[in-house]
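Structure record follows, encoded as structure tokens.
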2 protein chains.
Amino acid sequence: MNTLTDNEQILIVDDEHAIREMICLALDEQNYQCVQANSAHIAEDIIRKAPPDLILLDWMMPGISGVDFARRLRRDKDSQNIPIIMLTAKSEEEDLVRGLNSGVDDYLTKPFSTRELIARIHALLRRSSPRNSDCVLSQSGLSLDNISHRVKGGSQNIELGPIEYKLLRLFMENPERVYSREQMLNNVWGDNIYVEERTVDVHIRRLRKALEPTGHNKLIQTVRGSGYRFSSQQGSS
Amino acid sequence: MNTLTDNEQILIVDDEHAIREMICLALDEQNYQCVQANSAHIAEDIIRKAPPDLILLDWMMPGISGVDFARRLRRDKDSQNIPIIMLTAKSEEEDLVRGLNSGVDDYLTKPFSTRELIARIHALLRRSSPRNSDCVLSQSGLSLDNISHRVKGGSQNIELGPIEYKLLRLFMENPERVYSREQMLNNVWGDNIYVEERTVDVHIRRLRKALEPTGHNKLIQTVRGSGYRFSSQQGSS
DNA sequence: CCAGCCTGTAACAAAACTGTAATAATGATT
DNA sequence: AATCATTATTACAGTTTTGTTACAGGCTGG
């Protein structure tokens with residue numbers, strides 16, 4: 001829904017609890033959202049209900065093996081495009097051949113470092129989810145360019161800190177919409193972060209001050225009792 | 001050379017016939033044109049005669065190792081810009097570290113899936129094909145010549161190390177665009193290669209220092225919280 | 001094998017940014 | 001008008017991010 005704070009969901013399929021926990025811990029730190037499954041069967045269920053953004057799949061599991069499971073996922077239209085990273089302890093030639101056809105996106109041979117795991121997850125997600133926030137937003141002579149991360153009032157460059165930038169982007173993505181302080185916190189700061197709601201006021205102030213030189217501060221309107229709004233029209237309520 | 005059927009040519013360097021064949025088969029399906037070499041020596045010959053668009057290079061080969069070969073290719077101006085993907089059976093941290101400095105663009109650990117292989121080849125070719133590899137980029141009196149590999153600030157020659165050169169080229173290919181540290185690592189150092197993000201800062205510093213004598217260091221701007229940008233305009237945000 | 005260049009890291013310094021609380025304004029209600 | 005509720009401003013100390021430097025290898029080319 002929104003590209004400012006995007007926790008991607010990762011499904012870990014492994015029969016060993018310890019390994020799942022370890023991975024989970026590492027991913028948590030990177031702000032990925034983890035879901036665990038100790039068997040292919042359970043994993044299947046989860047995938048059907050809430051498709052994750054990426055799957056970490058153990059090669060060897062009781063019941064359905066990782067390879068077979070991967071193959072099955074690839075056949076199903078719904079799960080076809082979910083990136084899969086296979087976790088394996090093997091590195092033998094025969095497995096190479098078998099693995100070549102199972103259609104997974106990457107391999108990691110145990111033991112692996114969390115560093116490497118995260119790097120690969122990152123790389124895969126980056127490839128599979130093209131961000132669509134690459135555009136220039138503009139309104140009443142104020143423009144915000146996501147590629148160059150630049151804000152201009154007329155032809156004048158405007159300096160903004162990271163938070164003010166995100167705030168303005170949020171506003172400009174939905175002009176006229178009133179955002180409550182809580183919504184702003186969730187969108188700009190992040191979902192699971194605690195800061196005082198009043199802090200928003202301060203950043204609104206900072207944003208307004210930065211926009212003052214070009215007069216665009218008037219675009220940030222206070223909606224008493226509700227929050228703030230980005231609008232080129234007059235008045236508040 | 002031939003725009004009607006623009007099959008990109010890929011050179012596979014591996015001493016194992018079976019692997020070469022397997023890869024070849026997969027690439028054929030994707031309409032890539034394959035050339036095989038079972039040793040670095042032969043590969044060298046092929047590259048000299050008909051430079052491929054991309055090289056798949058096995059890490060372990062009798063005679064010259066893949067790492068050494070890659071390094072040699074990187075030193076030679078003619079082969080410097082050909083993307084290289086390293087294929088390795090190892091997954092030890094230390095080996096990866098050794099591979100880092102060889103200047104390859106990406107690496108794949110066996111066993112890998114054809115899906116993954118193709119995805120990475122695709123990604124690399126896409127990234128490197130529109131590269132203005134045979135023209136002179138210039139901006140605000142700073143010019144970078146991809147043919148002679150020379151950088152000039154006004155009429156003054158500027159000496160840059162390989163990394164700083166690539167960094168500057170990346171910047172000048174997309175002025176105004178903000179690059180995150182991760183993006184820079186992927187583009188300049190290579191995909192799936194792990195070095196500290198802060199290392200980028202150091203090289204930015206080195207680049208700036210080298211550009212200082214002609215005042216062009218101001219073109220490299222910091223975008224706090226996001227990365228860096230090459231721009232002739234004022235300010236950052 | 002040595003001298004010299006290039007790299008990646010770590011460590012410390014310098015800047016920029018943030019969150020909070022305290023206080024002033026402003027609006028709404030009675 | 002008085003009072004309460006909500007928002008605006010400001011100052012400041014704590015954090016985070018970036019700048020800079022030094023240094024220990026690795027690789028190159030004698």
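Naming convention: chains lettered A, B, ... in sequence-line order (proteins, then strands); numbering from 1 in each chain. Note that the structure is predicted; figures quoted are calculated from it, not measured.
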Which comes earlier along DNA chain C counting from the 5' end, the contact point of Leu160(B) or that of Thr199(B), where each point is its nearest nucleotide? Leu160(B)
Donor/acceptor link under 3.5 angstrom from Arg206(B) side chain onto base of dG8(C): yes
Among the candidates dG19(D), dT18(C), dG8(C), find the nucleotide nearest to the side-chain atoms of His203(B). dG8(C)
In whole Å, what is the span from the CZ atom of Arg198(B) to the P atom of dT18(D)? 7 Å
Below 4.0 angstrom from OP1 or OP2 of dA16(C), is there any side-chain N or O of Tyr165(A)? no
Please state whether the phosphate of dG8(C), meaning OP1 or OP2, lies under 4.0 angstrom from any side-chain nitrogen or oxygen of Trp189(B). yes
Gap between atom CG of Asp106(B) and atom CG of Asp191(B) - 0.5 Å precision: 4.5 Å
Ile163(A) side chain: which of dT9(C), dT9(D), dT18(C) is closest? dT18(C)
Under 4.0 Å between a side-chain N or O of Tyr194(A) and OP1 or OP2 of dT18(C)? no
Does Thr222(B) make a side-chain N or O approach to OP1 or OP2 of dG19(D) shorter than 4.0 Å? yes
Heavy-atom donor-acceptor pair, Arg205(A) side-chain to dT9(D) base, under 3.5 Å: no
Would you check if there is a donor-acceptor pair between the side chains of Thr222(B) and Arg208(B) at a distance under 3.5 Å? yes
